Amino acid sequence: MNTSCAAGHSTRSIDAGFSAPSIEEDPVAAQGKRDRTHWLYIAVIIAVVAGVIVGLVAPEFGKGLKPLGDLFVSLIKMMISPVIFCTIVLGIGSVRAAASVGKIGGLALGYFIGMSTFALGIGIVVGNLLKPGTGLGIHADPTVGAKYADQAHAAGGTWGFIQGIVPETLFSALTAGSVLQALFAALLVGFALQAMGTAGEPVVRAVAVLQKLVFRVLVMVLWLAPVGAFGAMAAVVGATGFDAVIQLGWLMLAFYITCALFVFVVLGTLLRLVTGLNVFKLARYLGREYLLIVATSSSESALPRLIAKMEHAGVEKTTVGIVVPTGYSFNLDGTAIYLTMASLFIADAMGSPLSYAEQFSLLVFMMIASKGAAGVTGAGLATLAGGLQSHRPELLGGVSVIVGIDRFMSEARALTNFSGNAIATLLIGRWTSTVDLAQTQRVLDRQVPFDEATMVDDHGAEEPADAKAVPAS
């Protein structure tokens, strides 16, 4: 049975004469470590529940635990740049056809722009149908919205975003904490290694070892997930209680339902038509990542794991390395739905609905601004404030109404963004013939389990005959 894909061929050809110690050589040991990570995620669930209880019973104490959640997210973000750098360098440096990389990137950007615009449109349609803010007559604090508008302005807009892609130095791209800077530097190094040919293979092998080291460190960091989840949940519940949730529950419910329908109906149907895969099985496969996102309210916390799991599911390293990191800045489906629904909610709640012309203009603005603010902390609120300020400045104060529940809504945003990027990776892989769908189906059917201990995978299959025949160099 041929269970390889093109990524496997290229990577194994380079690594044919190099073997690093790996726990994968001992299936019993690997299974034992997978069992231990199972208890880790049970601990995360317990920590989330405990955090909610602490936030309700002792709100002030709960708010004081916020640094625990912030620290865990910072540890995860610390790993993102090296993970992206290693993945893309290996993906591009392992192939010889630069045109294929350009084709993947161009197709991915076209898909991201189209799908994000579609998501913005869905948010407008649902907001107009449900009108969750009508009749509330909310009086908002204008200073809060102004703060987030200033934040969006400080980001420099679209041109500032483009300038920010280029790092100060090649190596600062790995320390600046910018996903797109790491992506840019990795592309340069990957294409340089590609141009070097066989002379660059020692560097590619070295990066492969570095990738294994990075994933090992990431596994160590993830053992702190229960602590981070406990602190984050205790802080948000302690700060808001359930008053804000009850007051704006209709908006939250509508948003969650819209996101679920978008993922399982819109994207799920597209996934089925293009690849024949089941979106519910994909969601089950990514269950632990969903739990991590809920605990941290950030899809970035699961980015390294998504890269590893997509490679395990049979998608070539090159495709994963380009689509996933780029999608985290350009394919923000959940954020797009949130921006339009929140804008309509604020306008209705303050008794000043947006006209259809204003809604269309706002959609165009959001489509551009959501990309420009992708790397800004609190990007959702900043872009929302920037859109209202540019179209209806008198509604800017309504942002303060959203702030109270933004943390809860950000979980749905992050889950939708994450799901959209996972599905996009499979779709782009299918359109560019860089995914082994037979391997993907086996993975989704739980026939080839993901190695939680190392997060480094050879597509869970035996070496193909042609790969084994490559002589050691």
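Everything numeric here is computed off the predicted structure, so don't read it as measured data.
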For the pair [X] (side chain) and [Y] (backbone), establish whether a donor and an acceptor sit closer than 3.5 Å, ignoring hydrogens and angles.
X: H312; Y: V448; answer: yes
X: T258; Y: A254; answer: yes
X: Y285; Y: F280; answer: no
X: N417; Y: D333; answer: yes

Using a 4.5 Å cut-off on heavy atoms from C-beta on, say whether the side chain of [Y] contacts that of [X].
X: T425; Y: V435; result: no
X: L277; Y: L437; result: yes
X: S419; Y: Y290; result: yes
X: V266; Y: I122; result: yes
X: R272; Y: V279; result: no
X: K281; Y: Q441; result: yes
X: F85; Y: V189; result: yes

- Does the pair L270 and L427 meet the rule for a side chain to side chain contact (heavy atoms under 4.5 Å, CB included), with working shown? CA-CA 8 Å; L270 185 59; L427 293 176; 3.6 Å; yes

